[in-house]
Amino acid sequence: QVQLVESGGGLVQPGGSLRLSCVASGTIFDIASMTWYRQAPGKQRELVATAFDNGRTSYVDSVKDRFTISRNAAENTVYLQMSSLKLEDTAVYYCNAAIQTTSRRAYMNYWGEGTLVTVSS
């Protein structure tokens with residue numbers, strides 16, 4: 001009923017930039033938040049940045065001042081602008097959203113399948 005599809009991953013050199021996108025589609029009444037997570041090889045998945053429906057954003061310390069999360073509420077889309085990329089930013093980036101499919105249902109978490117970001121020289 002609900003799908004999240006990420007795009008924008010790829011290979012980039014250290015110091016470069018990349019913009020990820022995630023579009024939510026399907027039966028959507030409201031989206032409370034949209035979040036980017038990432039999982040590097042051999043590591044646990046970690047929260048990168050969240051955009052809340054009140055406009056507030058939050059970031060993990062390691063990406064502050066380098067990454068910017070933004071939402072287009074009308075298009076159910078969230079972006080992650082990544083700059084000054086480092087080798088350690090290499091990971092599969094996943095989109096997560098807290099979505100209410102009808103006004104009577106509780107919010108549920110939905111995940112995309114991920115997009116690979118590789119930072120390498």
Side-chain angles (χ1 to χ4, degrees):
Q1 291 184 338
V2 174
Q3 277 192 321
L4 299 182
V5 178
E6 303 99 333
S7 62
L11 175 64
V12 62
Q13 292 186 339
S17 299
L18 213 54
R19 188 195 197 203
L20 305 182
S21 301
C22 171
V23 180
S25 63
T27 305
I28 297 172
F29 177 76
D30 186 59
I31 301 178
S33 62
M34 299 188 81
T35 300
W36 286 99
Y37 286 79
R38 66 184 179 186
Q39 187 165 18
K43 294 189 176 182
Q44 290 188 331
R45 191 172 297 189
E46 69 167 348
L47 188 152
V48 177
T50 300
F52 298 93
D53 59 359
N54 62 3
R56 187 171 67 88
T57 58
S58 65
Y59 300 88
V60 68
D61 285 346
S62 61
V63 307
K64 283 181 180 177
D65 300 323
R66 298 192 299 122
F67 291 9
T68 301
I69 189 170
S70 60
R71 276 181 66 179
N72 182 328
E75 297 184 355
N76 294 330
T77 301
V78 65
Y79 304 97
L80 187 68
Q81 178 66 48
M82 305 184 294
S83 303
S84 302
L85 282 161
K86 304 176 181 180
L87 297 176
E88 54 263 41
D89 294 319
T90 295
V92 178
Y93 284 71
Y94 296 91
C95 179
N96 170 279
I99 295 175
Q100 193 183 26
T101 54
T102 73
S103 61
R104 295 186 175 188
R105 287 185 174 269
Y107 287 88
M108 294 182 62
N109 275 312
Y110 294 87
W111 291 88
E113 294 189 350
T115 185
L116 177 63
V117 172
T118 303
V119 183
S120 175
S121 55

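The first residue of the sequence shown is numbered 1, and numbering continues consecutively from there.
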Short side-chain to backbone donor-acceptor contact, T77 and E75, under 3.5 Å: yes
Pairs meeting criterion ring pair (Phe, Tyr, Trp, His ring centres under 6.0 Å) with involvement of residues 52-98, two or more places apart: none
All side chain to side chain contact (heavy atoms under 4.5 Å, CB included) counterparts of N109, not counting sequence neighbours: N96, A98
Distance, nearest 0.5 Å, that separates OG1 of T102 from CD of Q1: 9.5 Å
Where I31 and A97 come nearest, the two heavy atoms and their spacing: CG2-CB, 4.3 Å
Joint hydrophobic cluster, L85 plus V92, side-chain heavy atoms closer than 4.5 Å: no
Set of salt bridge (charged side-chain N to carboxylate O under 4.0 Å, His left out) partners for K64, sequence neighbours left out: D61
Side chain to side chain, V117 and M82, heavy atoms closer than 4.5 Å: yes
Distance (rounded to the nearest 0.5 Å) between S103 OG and D30 CG: 10.5 Å
Can you list, pair by pair, the side-chain donor-acceptor contacts under 3.5 Å of residues 8-27, counting residues two or more places apart and other chains?
none

Same apolar cluster (I L V M F W Y, side chains within < 4.5 Å links), V2/Y107: no
Show me the donor-acceptor pairs, under 3.5 Å and distance only, between side chains in residues 41-48 and residues at least two apart or in other chains.
from: E46; atom 1: OE2; to: R38; atom 2: NE; distance (Å): 2.6
from: E46; atom 1: OE2; to: R38; atom 2: NH2; distance (Å): 3.0

Nearest-0.5 Å distance that lies between atom CZ in R71 and atom OG in S33: 7.0 Å
Heavy-atom neighbours of E113 CD exceed 12 at 6.0 Å: no
Side-chain donor/acceptor of T90 to backbone N/O of V119, under 3.5 Å: yes
Interatomic spacing from CE in M34 to CG in L80 - rounded to 0.5 Å: 12.0 Å
Pairwise distance OG(S62) to CD(E88) - rounded to 0.5 angstrom: 8.5 Å
Contact check, side chains of T101 and Y110, non-hydrogen atoms, under 4.5 Å: yes
Ring pair (Phe, Tyr, Trp, His ring centres under 6.0 Å) contacts touching residues 9-50 (sequence neighbours left out): Y37-W111
CD1-OG1 distance between I69 and T50, expressed to the nearest 0.5 angstrom: 6.0 Å
